[in-house]
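Heavy atoms only: backbone and side chains are in, while hydrogens, waters and symmetry mates are out. Owing to the predicted nature of the structure, the values given are computational and were not obtained by experimental measurement.
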Amino acid sequence: MTSEQQRVVVIGGGLAGLRLAARLGAGAGADAGAGGAAAGPEVTVLGEESHVPYNRVLLADVLAGRYAPEVTALPAPGPALRRGVRAVRIDRADRTVHCDDGSTERYDTLVLATGSNAVLPPLRGLFEPEGRELPDGVHAFRTMDDCLALSAAVAVREGVRAVVIGGGLLGVSAARALAERGAQVVLAQQGERLMERQLDADASALLHTHLTALGIEIHTECRVRGLTTTQDTGRRQVTGVEFADGYRLDADVVVLACGVRPRTGLALAAGLEVRTGIVVDDGLRTSDRRIHAIGDCAEHDGRVYGLAGPALEQADALAAHLTGTALAAPAYTGTRALTRLTLTTAAGTGTGSGPLDLAAFGETTPLPGDDVVRLADATRRTYRKVVVRGDRLVGGVLLGELSSVGALARSWEDEEDLTDLFHLLTDDGGS
C-alpha cells in the first residue's frame with residue numbers, strides 16, 4: 001500500500017464480496033490515522049440484486065418456512081454497497097467498470113465475486129423459439145427472488161404437485177423444503193443415486209429412505225426429456241414433466257436444481273483467462289494482476305468450489321494481501337471443504353423419524369490400496385465411513401449422528417498421522 005488511498009471495486013454483493021469488503025474495513029468509518037497514516041482502501045461493492053444482502057446457504061430454510069427472509073441478512077458495508085446495480089463491462093486499459101445505469105467506477109484493484117448461475121438444462125418446452133422466458137410454474141433455486149416465487153407458488157393451496165429435477169445437494173434441499181410446506185414432491189435424478197458427488201452408495205440409500213419417509217417420491221436413473229405447458233392469456237403455464245422413457249408426471253411447479261455454473265461473462269469479455277471459472281493464482285490474481293477473483297466464479301488450481309467455506313477463505317486471504325498483511329498470512333493454496341446438511345421431518349407425515357444430519361468431506365471413494373472403515377447402526381439410522389490412505393484420513397461420510405465430525409474433520413484438515421481412528425470415529429464431543 002502506498003500513502004495514496006487505493007480504490008477497490010468489488011463486483012458481487014454475495015457472501016464472498018461482502019466478506020472481503022468487511023475485511024477491508026468498508027463501513028467501519030475509519031479515517032486516516034494519526035500522524036498522516038494512510039486510511040484503508042476506498043471500497044465500492046456493486047450488488048446486482050436489489051434485496052438486502054443475504055446468506056444464500058439459508059434459502060432452503062426460508063422456502064421451508066423455518067426462517068423469515070430477514071433472518072438470512074448479511075452485515076452490509078453501509079454506503080460502500082450499491083444495490084441493484086449490474087456491471088456490464090470492464091475497461092482494463094482505463095481501469096473502469098461500466099454499469100447498467102450508465103455510471104462508472106474507477107479502480108486501482110478490481111475483484112470479481114460474480115458468483116454462479118443456475119444451470120438450465122436443454123429440455124424440450126423449457127423455452128419458446130427465440131425466447132428466454134421460463135414458463136409460469138418453472139423455477140430455478142438460486143436467488144432470494146427464486147425462493148420467494150417458489151414459496152408463493154406452494155402457498156396457493158395444500159398439496160401442490162412439485163417436481164424437482166436434480167438429486168444433488170441443491171435438489172435434495174429444495175425437495176425437503178417443499179415437502180415441509182405440504183407439497184406433493186417428486187424428485188427426479190438422472191444419476192444412479194442421490195448426492196452421488198458427496199455420498200457413497202450406502203449413505204445415499206439411507207438418505208433415499210429418509211426422504212421417502214418425508215413423503216417424497218424419488219426416481220433415480222431417469223432422464224427428463226421435456227416439459228408440457230398450456231397457453232393461457234398469452235402466458236405459458238407448466239402442466240407436466242416428460243421422461244425419456246415416455247413416462248409423464250403432472251406438475252403445478254417444477255424446480256430446476258441441475259447444478260450451477262460460474263458467472264464468467266464479464267471476465268471473458270475483458271479478455272481474462274477463463275476455463276471452467278476465472279483462473280486465479282495463489283494470490284487470487286487473474287491474468288491481469290490488477291484484477292482478482294474469489295468465490296463461486298474463481299478457479300484455483302483447476303478447481304471451482306461452489307461452496308460457502310472456500311468463498312470465505314478466499315475473501316480472507318485476498319484481504320490480507322490487499323491490506324499489506326500478506327507476510328503474516330500464507331498464500332491461498334486451496335480449501336478443504338466439508339458439506340453439511342440437516343433434513344427434518346415434514347409436519348404431518350406421521351413418520352416420527354426425526355431429523356437426519358449428514359456430512360461429507362474429502363475423498364469418499366477409495367482408491368486401490370486405501371483402507372475403509374465403516375460403522376453402521378440400522379436401528380439408530382446412523383452411518384459412518386472413513387477412507388484412510390497410509391496413516392492419514394483422506395475423506396469420510398457421516399449420517400444420522402455427527403458428534404464425531406469435528407474431530408474427524410480436524411484430523412483431515414491438518415493432515416495428521418492417525419493414532420486412534422476408533423476414538424475419532426466414536427468421539428462424542430468433537431462437533
Side-chain angles (χ1 to χ4, degrees), residues 8-21 44-51 53-54 56 81-107 109-123 126-127 130-134 138-146 170 256-281 284-308 310-311 314-315 318:
V8 178
V9 175
V10 182
I11 301 178
L15 204 60
L18 293 182
R19 174 67 160 248
L20 176 65
T44 299
V45 180
L46 303 176
E48 184 173 335
E49 294 187 60
S50 58
H51 293 285
Y54 59 90
R56 204 180 304 276
L81 173 63
R82 297 184 58 197
R83 286 162 48 188
V85 177
R86 183 168 60 91
V88 295
R89 184 168 66 88
I90 300 168
D91 186 332
R92 291 168 54 192
D94 195 38
R95 299 209 301 270
T96 303
V97 177
H98 295 256
C99 303
D100 61 348
D101 62 356
S103 64
T104 58
E105 294 286 350
R106 294 289 303 274
Y107 67 84
T109 297
L110 177 64
V111 181
L112 302 177
T114 49
S116 54
N117 284 329
V119 172
L120 301 181
L123 301 179
L126 186 61
F127 298 114
E130 309 303 324
R132 296 301 297 172
E133 188 172 355
L134 294 174
V138 178
H139 305 266
F141 187 45
R142 184 63 183 161
T143 68
M144 182 62 77
D145 283 337
D146 295 334
L170 191 64
L256 305 176
C258 305
V260 295
R261 182 176 293 118
R263 295 185 65 181
T264 59
L266 276 174
L268 275 170
L272 301 177
E273 184 182 359
V274 173
R275 295 174 192 161
T276 300
I278 305 166
V279 177
V280 296
D281 61 14
L284 297 163
R285 290 180 295 260
T286 70
S287 50
D288 182 329
R289 297 184 67 82
R290 289 187 176 272
I291 303 179
H292 299 71
I294 57 175
D296 290 5
C297 68
E299 177 179 335
H300 175 266
D301 196 23
R303 184 172 182 184
V304 177
Y305 291 95
L307 296 168
Q314 290 172 4
L318 180 55

For the pair H51 and D145, evaluate side-chain contact (heavy atoms from CB on, under 4.5 Å) and give the outcome as yes or no after the intermediate values.
CA-CA 9 Å; H51 293 285; D145 283 337; 2.5 Å; yes
Compare all side-chain heavy atoms of [X] with those of [Y] and state whether any distance is below 4.5 angstrom.
| X | Y | answer |
| --- | --- | --- |
| N117 | V260 | no |
| L112 | I90 | yes |
| Y54 | T143 | yes |
| H139 | D146 | no |
| I291 | Y107 | yes |
| L256 | L126 | yes |
| T96 | R106 | yes |

Which of V280, I278, D281, L272 passes side-chain contact (heavy atoms from CB on, under 4.5 Å) with S287? Answer is L272
Can you tell me how far the [atom1] atom of [X] sits from the [atom2] atom of [Y], to the nearest 0.5 Å?
| X | Y | atom1 | atom2 | value |
| --- | --- | --- | --- | --- |
| E49 | M144 | CD | CE | 8.5 Å |
| L123 | C258 | CG | SG | 7.0 Å |
| L318 | R19 | CG | CZ | 12.5 Å |

Considering all heavy atoms of both residues, which atom of [X] and which atom of [Y] are nearest to each other, and what is their separation?
| X | Y | answer |
| --- | --- | --- |
| A315 | L20 | O-CD1, 3.6 Å |
| V10 | A113 | CG1-CB, 4.3 Å |
| L46 | A87 | CD1-CB, 4.2 Å |
| H292 | R285 | NE2-CG, 3.3 Å |
| G13 | V45 | CA-CG1, 4.0 Å |

Given R56 and D296, is the salt bridge (charged side-chain N to carboxylate O under 4.0 Å, His left out) satisfied, shown in steps?
CA-CA 12 Å; R56 204 180 304 276; D296 290 5; 5.8 Å; no
Are R82 and D101 within salt-bridge range, i.e. N to O under 4.0 Å?
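Result for this pair is yes, salt bridge flagged.
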Given 3.5 Å as the limit, does a donor-acceptor pair link the side chain of Q314 with the main chain of G295, or not?
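Yes, Q314 side chain to G295 backbone: donor-acceptor pair under 3.5 Å.
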Go through the steps for D100 and V85 under the test side-chain contact (heavy atoms from CB on, under 4.5 Å), then give the verdict.
CA-CA 7 Å; D100 61 348; V85 177; 4.2 Å; yes
State which residues pass side chain to side chain contact (heavy atoms under 4.5 Å, CB included) with V304; sequence neighbours excluded, sorted by chain then number.
P262, T276, E299
Between S116 and the options R142, R261, R263, the side chain to side chain donor-acceptor pair (under 3.5 Å) test singles out R142
